[in-house]
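Structure first, then comments.
Letters A, B, ... are given to chains in the order of the sequence lines, protein chains preceding strands, and every chain is numbered from 1. It should be emphasised that the depicted structure is a prediction, and the values quoted were computed from it without experimental measurement.
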2 protein chains.
Amino acid sequence: MDPHERRRQILDRSAHLFASKGIAATTIREIADEVGVYSGALYHYFPSKEAIVTELIREYIDDLSGRCREITAQSQTPVDRIEALALLALSTSEDYRGATTIWQREGEYMRDRLVEADLAETADEVERAWRAAIADGVAEGTFRDDIDPDVFYQLIRDAVWQAPRWHRPTSERSNADLAREITRIFVDGFRPRAE
Amino acid sequence: MDPHERRRQILDRSAHLFASKGIAATTIREIADEVGVYSGALYHYFPSKEAIVTELIREYIDDLSGRCREITAQSQTPVDRIEALALLALSTSEDYRGATTIWQREGEYMRDRLVEADLAETADEVERAWRAAIADGVAEGTFRDDIDPDVFYQLIRDAVWQAPRWHRPTSERSNADLAREITRIFVDGFRPRAE
DNA sequence: GTCTATACCCAGATAGAC
DNA sequence: GTCTATCTGGGTATAGAC
């Protein structure tokens, strides 16, 4: 089999197993079984189990930060940027379901892998984009100044990044639909407005 | 040492280790070290590592559901109930930091432990309380009917249960303060209201 | 109730034939 | 590049002395 393809296969199967059982609970032998080779063969592609994890996270962070930069480049209104960042979270979570789940589950373990792989700085770009959108909105009066912007950020971040755990895009509700609904709730609130 | 006290010690140290490293990555020997005994001694108190986890979760779920029933008993307005349920999440997370973190990290593993321990039904009480408060609010017109109540529930649940990861109660901001702030954001939104 | 010692298993990783 | 076989370490759990 084409080496590149096999490598891809190892990454994909690993991502799936890591996501569903956790990294520690997933064995090299299980990964090999899924790929259809013997465990020794995996070591021709990656020097260790940890190296597989690092590679998965690198691909994910690279793509995520790239897409994030596109969003901040087209400087829209604060509300538009929040909706775009919410959609970014939903769609990258879908495209990198394995990596995202690992990221959620194994917080501090992943932090270490990131620092090792020199990706910590890149990983922080998304947070800065959120905080900038929020700060701009407060500055221009679009957002209230009697709400702690830090609290607002943490709440919407958790809500958005956890969302793929209960939402799968369907024909009835796409990721874009959900991003819009989330933005409506956080920006306008659940209580009816007088109009 | 008093057996009951030692048992308590084992539970507390285990909770701390499980929460910070994950269950699979925490070894019986580590727990024993923390308690200050040899690993064999632990087996006089619990038949297995899993039994420790189950016991931790049982204590937590029992207390949580008890406090939840108190809230639903005093039937307040929907907004008050949401604030009370938010505070419930924040304060039980503080009182059971270990158990809560385990609960967050090891979702599907914990589900199995719950079913085994016959606690699944109890664990669902909190969800029902949230959904009832939301449905009542929509029915009486306090909440908008053009927002999917299911989406609203999932968002506020994730936001509230993740909050202890970034918030520790201080003299400047207590859990009650944060619960109020969270409720304000979700109910009234981040955009200023005309008044 | 705790310690010492150890059985037993399964993990990650390696070596060499093909 | 893959398979077979195996090394080595560390995990849970147990047994028996004290």
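- In the region residues 43-53 of chain B, proximity to DNA chain C at under 4.0 angstrom, judged on heavy atoms, holds for B:His44, B:Tyr45.
- Judged purely by distance below 3.5 Å, without hydrogens or angles, the side chains of A:Ser65 and A:Arg69 pair a donor atom with an acceptor atom.
- Along DNA chain C, read 5' to 3', the first and last nucleotides having any atom under 4.0 Å from a heavy atom of chain B are C:dG1 to C:dT4.
- Ion pairing between a basic and an acidic side chain is recognised when a charged N comes within 4.0 Å of a carboxylate O; B:Arg81 and B:Asp136 show such pairing.
- Comment: A:Glu181 does not engage A:Arg173 in a salt bridge, judged by the lack of any side-chain N to carboxylate O separation of less than 4.0 angstrom.
- The aromatic rings of A:Phe143 and B:Phe190 lie parallel to each other, their planes meeting at an angle below 30°, with 60° marking the opposite boundary.
- By the 4.0 Å N-to-carboxylate-O rule, A:Arg58 lies close enough to A:Glu55 to be salt-bridged with it.
- B:Asp33 places its CG atom 14 Å from the C1' atom of D:dG11, with the value rounded to the nearest Å.
- Side-chain polar atoms of B:Thr142 and B:Glu140 form a donor-acceptor pair below 3.5 angstrom.
- Remark: B:Arg111 engages B:Asp124 in a salt bridge, criterion side-chain N to carboxylate O under 4.0 Å.
- Listed by residue number, the members of residues 6-31 of chain B with any heavy atom below 4.0 angstrom from DNA chain C are B:Arg6.
- B:Arg113 has a carboxylate O that lies under 4.0 Å from a charged side-chain N of B:Glu116, or vice versa, which qualifies the two as a salt bridge.
- Checked by atom type and distance alone, the side chain of A:Arg144 pairs as donor or acceptor with a backbone atom of B:Gly189 at under 3.5 Å.
- In this model, no donor atom of one side chain and acceptor atom of the other lie less than 3.5 Å apart for A:Asp95 and A:Thr92.
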